[in-house]
Amino acid sequence: MTLSRRQVLAGSALVAAAALVPARAAVAPATRQSPGAYCYNLGDYQLTALYDGIWYLPMDAHFMRNATAAQVNKALAQVFLPPGVLPVSFTALLVNTGSKLVLIDTGTAGQVTDTAGFMNDNLAAAGVQPDDIDIIIISHFHPDHIDGIKTKDGAKVFTKAEIKVPEPEWAYWMNDAHMSGVSKSVHGYFLNAGRIFSDIAREITQFKPGAEVAPGIVSIPAYGHTPGHTAFAIHSGKESLLVMSDTVRNPYLFARHPDWQPIFDMDGDMAVKARRHMLDRAAADRLLVEAYHFPFPAVGHILRRGRGYELAPVMWSPL
Ligand SMILES: [Zn+2]
């Protein structure tokens with residue numbers, strides 16, 4: 001611990017020495033935890049997991065393309081969860097780089113389910129107001145990731161933030177030609193993406209997955225869940241975090257059974273490939289990982305277990 005802390009401090013001293021003026025945080029780092037805002041350090045950055053809520057999604061017999069309801073219910077029962085319902089937890093990630101406040105995905109703003117929409121309360125608990133956010137990075141255009149950009153009435157929530165989105169995601173969802181023949185729910189996602197982005201289209205920055213999207217935050221193509229679905233790696237000092245976005249969702253189903261294809265993975269085979277690749281890399285390289293639908297605070301490590309993988313969550317700790 002001492003050595004790595006020294007290394008981190010040495011690293012940050014170099015960064016400070018290189019700059020003409022030392023970086024000044026837009027908002028001071030939090031000094032204590034609150035129930036729905038969990039802060040942790042990554043190199044010189046402070047990260048905050050922001051809890052938005054949970055959705056109890058009913059699953060019918062067709063929910064999984066390649067697993068039976070009995071198999072899914074058995075996996076749920078193994079972790080003491082009732083049958084036929086998928087718990088979908090929502091956690092956005094705030095990154096304080098010291099000079100920029102970056103928010104990765106934006107929560108549901110209460111527009112997906114009554115049991116979610118608390119992200120901004122937890123942002124406030126962390127001492128941050130929506131106007132403080134400098135950059136918003138979007139992983140993909142499903143409603144639970146973009147709805148927080150606007151209120152139900154269409155007002156922008158993060159008035160000063162630059163919004164960056166994956167180029168292939170924009171190309172898919174913002175083109176009405178792609179709407180024909182899609183399922184009812186996917187049709188709804190098109191309408192919702194239009195509601196969020198159409199009138200602010202000129203303010204949106206598109207990035208090519210693979211590019212650095214903010215200081216120390218590199219985007220990673222992880223297509224399949226949606227056509228432009230994107231993960232991220234955050235690097236600060238000698239430390240890194242893999243932000244898996246929706247490559248892996250509820251870990252008791254999709255880390256333990258990475259080959260399962262739920263209907264909301266638009267290209268199931270491609271999503272499985274991305275999921276296996278990312279889980280394998282996380283386990284082999286012992287990476288710290290984060291994912292939007294992991295149980296709060298949605299951060300931990302991945303280990304191999306049987307033919308699948310297991311999440312080892314971090315232990316909650318005070319600052
Ligand atoms: Zn999602």
Side-chain angles (χ1 to χ4, degrees), residues 36 49-59 63-65 85-94 103-119 122 136-150 163-166 168-170 172-173 182-183 185-193 195-197 209 219-232 242-255 257-258 260-268 270-272 274-275 278-279 289-299 311:
L50 296 168
Y51 186 64
D52 185 66
I54 192 162
W55 184 24
Y56 298 101
L57 176 66
M59 291 184 283
F63 182 82
M64 218 71 86
R65 294 192 188 101
V85 179
L86 177 64
V88 183
S89 180
F90 305 111
T91 298
L93 184 64
L94 179 71
L103 180 64
I104 303 180
D105 289 336
T106 62
T108 64
Q111 294 167 67
V112 170
T113 172
D114 289 346
T115 45
F118 311 110
M119 192 197 79
N122 290 318
I136 287 173
I137 300 168
I138 296 295
S139 66
H140 66 296
F141 283 15
H142 276 164
D144 49 320
H145 299 257
I146 61 173
D147 278 6
I149 291 172
K150 282 186 174 171
I163 301 174
K164 298 186 172 188
V165 306
E169 200 64 0
W170 183 276
Y172 181 75
W173 295 106
V182 299
S183 70
S185 59
V186 174
H187 188 264
Y189 300 158
F190 274 99
L191 298 181
N192 190 63
R195 176 181 73 90
I196 297 290
F197 291 122
S219 59
I220 303 169
Y223 307 151
H225 178 59
T226 61
H229 176 267
T230 299
F232 304 93
L242 180 62
V243 178
M244 299 199 287
S245 305
D246 278 14
T247 309
V248 186
R249 290 162 304 263
N250 188 309
Y252 306 117
L253 294 191
F254 300 108
H257 306 276
W260 283 0
Q261 298 186 12
I263 46 169
F264 50 53
D265 278 347
M266 294 178 71
D267 183 327
M270 198 188 280
V272 165
R275 181 152 52 249
M278 205 162 277
L279 286 165
V289 302
E290 190 270 358
Y292 196 75
H293 299 298
F294 278 1
F296 189 78
V299 56
L311 170 68

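Numbers here simply count residues along the sequence, with the first being 1. Counting starts at 1 for both ligands and their atoms, in listed order. Any value given below was found using the heavy atoms of this structure, including those in side chains, with hydrogens, waters and symmetry copies removed. Just so it is clear, the structure is predicted and the values come from calculations on it, not from any experiment.
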Would you call the rings of H257 and W260 parallel, tilted or perpendicular if under 30° counts as parallel and over 60° as perpendicular?
parallel
I'd like to know if D147 and R195 make a salt bridge, using a cut-off of under 4.0 Å between side-chain N and carboxylate O.
yes
Kindly assign one of parallel, tilted or perpendicular to the pair F90 and W55, based on the angle between their ring planes and the thresholds 30° and 60°.
parallel
Using a cut-off of 2.8 Å, how many protein N, O or S atoms sit around the Zn ion (ligand 1)?
4
Step through it carefully: locate the ring centre of F264, locate the ring centre of F63, and say whether they are under 6.0 Å apart.
yes
Would you say the side-chain atoms of D265 pair up with the backbone N or O of D267, donor to acceptor, closer than 3.5 Å?
no
Rounded at 0.5 Å granularity, tell me how far CD1 in I104 sits from NE2 in H145.
12.0 Å
